[in-house]
Amino acid sequence: MDLLIKNGRLVLAHEIVMADLLIECGKISRIEESINLNSIPRIDAEGAFVMAAGIDPHVHLSLPTPKGYSSDDFHSGSQAALAGGTTCFIDFVTPEKGENLKTAFLKRKAEVRHCYCDFAFHMSIVEWRDEIPDEMEVCVNELGITSFKTYLAYQKTVGISFELLEKTMNAAKNLNVSVTIHAELGNEIDQMRSEAIAAGQIENSFHAKTRPDFTEYKAVEKVIELVKKTQCETYIVHVSTAESLKKIQQANQDGIPIYAETCPQYFTFNDSVYAKEKSQSNGFVMSPPIRSEENRKGILNGIIQKQVLAIGTDHCPFSTQQKNAADNFSEIPNGAGGIQHRLALVHAAFVHTNQLSMIEFSKVISAQAAQFFRLENKGEIRIDFDADLVILKPVSESIGQQKLYSKSDIDIYANEMIYAKPAIVIKGGYIVFQNDQLSEKPPRGKYIHRK
Ligand code: URP
Ligand code: ZN
């Protein structure tokens, strides 16, 4: 698709320029002070910021759990993403135990229907078998997967031990790809949860109390040792404590290839959310939990200090019905949505408050994830890159005033104020969102085969 964007303030990798941008065949083909081509459809951006669209490196669409699937499938999840200025995301393949990784990948890929965003997968390693290194090689060399996900939490289901993590890291390092880690001490947490339930401590505040800060930062500490040993590029997902972030930053400065992701929930809320009445606090049951105010400020500060490689969402909403069906905190399906709000929330917390520049904003919501996860030709406004763009407009409204595309009836961010949102979203040169409306027939997204 060809399109001309006139008069925008283009947020490039190192500078902001007032210029025109030409899209040809879905790619950015020219950036010049003035481009005049009457034969091509045009948008007058009138001094608005034009940025690379968002890339969310951490989403769970149609995630199977014992309490049913997470609310959004690839259709509703991608609609919500586009409405929020995100045109590409990375979801997960979670194989059954004993299942060949390629088989699991093919099954997962077949579940993707009517997805309007480009997408990739992290492959989860949930066990160790002799064949796993060979299957990982197939993932990398045949299936286009360059990141493996491991869980140290959830020991009763997908979680693995530090020993298996080390094997996974060695195999990934041999293949020159990365490992992403949900870093929480699963066994310690399981024990605390069992003790709490046995003692009748069933309220949602015990979800947080049975996952205290140390269960994250001690896991991070052990992971750092393994990264040092294996030299495997490692990305810690949804970092929620200030101490974890400090340790990751220190290790990174010492030359250890470890990087942090955090999510908007960890700089937006504090653990007072668990004091709300059950029906309200159920939405905040996620892992890691929402932390203390001190941690919230530590995460905010870490983002300002550029200690975070990417801000993902961990988008994994459930319905009120699914959340309310549980008798105690340990039965509530874990997760919350956020894919539609990520750009606006990050903008409100950091750009609106003059703590990040537009260039730095663009890096944490798009460019750095694209580089780390090898999403070729994405994440920046650059010649020959995909024309996945967002034109922002200033607003002053609460999130709850917007039309929401998630299928979940819970939005933990409904009361949050935002100060910018997408006026127009462009994907592969097509206008996919404009005038607060999704286009009627956005083109389908494609699977990104990473190298
Ligand atoms: O509570 C969460 N985060 N649910 C989604 C799955 C995960 O642990 O990332
Ligand atoms: Zn997750």
Side-chain angles (χ1 to χ4, degrees), residues 55-73 77 81 89-95 108 119-126 147-160 165 179-186 189-190 193 204 206-208 210-211 215-216 219-220 223 235-241 244 260-269 271 273-274 281-291 299 309-319 322-323 326 329-339 342 369 373 406 408 410 412-413:
I55 294 173
D56 192 335
H58 187 165
V59 307
H60 301 274
L61 301 172
S62 295
L63 178 77
T65 79
K67 308 291 165 188
Y69 285 88
S70 59
S71 305
D72 283 319
D73 53 21
F89 50 68
I90 314 183
D91 200 286
F92 298 82
V93 180
T94 311
R108 183 65 172 155
F119 61 97
F121 291 121
H122 306 286
M123 172 62 74
S124 306
I125 300 297
V126 300
S147 48
F148 291 91
K149 171 77 183 280
T150 57
Y151 296 85
L152 295 167
Y154 312 136
Q155 286 292 318
K156 292 179 187 139
T157 53
V158 291
I160 60 170
L165 174 62
V179 165
T180 80
I181 304 178
H182 178 140
E184 285 189 298
L185 296 176
I189 288 170
D190 286 344
R193 280 159 72 90
N204 289 345
F206 287 97
H207 172 67
T210 55
R211 303 181 104 89
T215 57
E216 183 183 80
V220 166
V223 166
Y235 175 95
I236 309 292
V237 297
H238 50 45
V239 172
S240 64
T241 67
S244 300
E261 170 199 90
T262 192
C263 311
Q265 54 269 35
Y266 301 115
F267 61 74
T268 303
F269 305 109
D271 54 7
V273 295
Y274 297 119
S281 64
N282 281 348
F284 293 92
V285 173
M286 64 184 76
S287 297
I290 303 296
R291 303 284 184 187
I299 297 292
L309 183 120
I311 301 177
T313 54
D314 198 7
H315 182 83
C316 189
F318 291 90
S319 66
Q322 285 168 302
K323 291 264 186 187
F329 75 86
S330 75
E331 303 280 322
I332 299 173
N334 276 210
I339 200 167
R342 184 178 64 117
F373 290 114
S406 171
S408 168
I410 302 175
I412 59 171
Y413 297 106

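All ligand and atom numbering here is 1-based and tracks the order in the structure.
Taking the six-membered ring wherever Trp is involved, the centroid distance between the rings of H58 and F89 does not fall below 6.0 Å. If you look at F269 and F284, their ring centroids are closer than 6.0 Å. For F148 and H122, the gap between ring centers reaches or exceeds 6.0 Å.
Salt bridge status for K67 with E331: present, with a side-chain N to carboxylate O gap under 4.0 Å.
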Present, as a list of atom pairs with distances to 0.1 Å, all nitrogen or oxygen contacts under 3.5 Å between ligand 1 and the protein.
residue: ligand 1; atom: 1 (O); partner: S287; partner atom: N; Å: 2.8
residue: ligand 1; atom: 1 (O); partner: G335; partner atom: N; Å: 3.4
residue: ligand 1; atom: 3 (N); partner: S287; partner atom: O; Å: 2.9
residue: ligand 1; atom: 3 (N); partner: D314; partner atom: OD2; Å: 2.6
residue: ligand 1; atom: 4 (N); partner: N334; partner atom: O; Å: 3.1
residue: ligand 1; atom: 8 (O); partner: Y154; partner atom: OH; Å: 2.6
residue: ligand 1; atom: 8 (O); partner: H182; partner atom: ND1; Å: 3.3
residue: ligand 1; atom: 9 (O); partner: H60; partner atom: NE2; Å: 3.1
residue: ligand 1; atom: 9 (O); partner: D314; partner atom: OD1; Å: 3.1
residue: ligand 1; atom: 9 (O); partner: D314; partner atom: OD2; Å: 3.4

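Taking the Zn ion (ligand 2) as reference, the nearest N/O/S atom within D314 carries the name OD1.
For a distance bound of 2.8 Å, the N, O or S atoms of H60 include one lying that close to the Zn ion (ligand 2). Inclusion of H58 in the first shell of the Zn ion (ligand 2) is supported: an N, O or S atom falls under 2.8 Å.
Proximity of D91 to R108: side-chain heavy atoms (C-beta onward) are separated by under 4.5 Å at one or more points.
In this structure, the separation between CD1 on I410 and OG on S319 is 6.5 Å, given to the nearest 0.5 Å.
Between the side chain of S408 and the backbone N or O of F318, at least one donor-acceptor pair lies under 3.5 Å.
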